[in-house]
Amino acid sequence: MKLKNNLSFESLIQMYRDQYNNAQLHWLRQGYEDNLDISLYSNPAFNGMQMHAIMYGLAHNVDVSKYAFIEYNHVIMGIIYHLLKNGAH
């Protein structure tokens, strides 16, 4: 997700850095560099594994709105991802 004002990732995340741990920052940076919409998983309540599961779905054109919920752990997210990828609605 490149911002319209061309802020770098470092500039963008600087004011929120204290809200994220290293794993979360890693997946936010990866999604940003891959031009994914990181706003869909930038909630600090998601742990790094949840962020990765959501980012993976975005990278593979899966409707992550079906599983991007704080209440779902990364295992549940992965199961739903595979169901959606294999044609479930």
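Here, residue 1 is the first one in the sequence, and each next residue gets the next number.
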- prompt: Should Met49 and Leu40 be counted in the same cluster of Ile, Leu, Val, Met, Phe, Trp and Tyr side chains packed under 4.5 Å apart?
  reply: no
Between CD1 on residue Ile70 and CG on residue Asn43, distance to nearest 0.5 Å: 4.0 Å
4.5 Å side-chain heavy-atom contact, His74 and His52: no
- prompt: What is the distance from atom CG of Asn22 to atom CZ of Arg17, rounded to the nearest 0.5 Å?
  reply: 8.5 Å
- prompt: Counting heavy atoms not belonging to Asn21, are there more than 12 under 6.0 Å from its CG?
  reply: yes
message: Can you list everything that forms a ring-ring contact (aromatic ring centres under 6.0 Å, His included) with Tyr72? Sequence neighbours excluded, please.
response: Phe69
statement: Taking every heavy atom of Gly31 against every heavy atom of Ile38, the minimum-distance pair comes out as C-CG2, 3.6 Å
- prompt: Looking at residues at least two apart in the chain, or sitting in another chain, which of them share a side chain to side chain donor-acceptor pair (under 3.5 Å) with Gln19?
  reply: none
field: Check: Gln30 main-chain N/O paired with Glu33 side-chain donor or acceptor under 3.5 Å
entry: no
field: Minimal non-hydrogen separation, Asn73 against Gln50, with atom names
entry: CA-NE2, 4.1 Å
- prompt: Is a side-chain N or O of Gln24 found less than 3.5 angstrom from the main chain of Pro44, in a donor-acceptor match?
  reply: yes
query: Does any N or O in the side chain of Tyr20 come within less than 3.5 Å of the main-chain N or O of Ser42, such that one atom is a donor and the other an acceptor?
result: yes
task: Please report the closest heavy-atom contact between Asp63 and Leu84, naming both atoms and the distance.
output: O-CD1, 3.6 Å
Closest contact, heavy atoms only, Gly48 versus Ala23: CA-CB, 4.2 Å
message: Membership question, hydrophobic clusters at under 4.5 Å side-chain separation (ILVMFWY): are Ile76 and Met55 in the same one?
response: yes
- prompt: Should the ring pair Tyr81 and Tyr67 be called parallel, tilted or perpendicular, given that the plane angle runs from 0 to 90° and is split at 30 and 60?
  reply: perpendicular
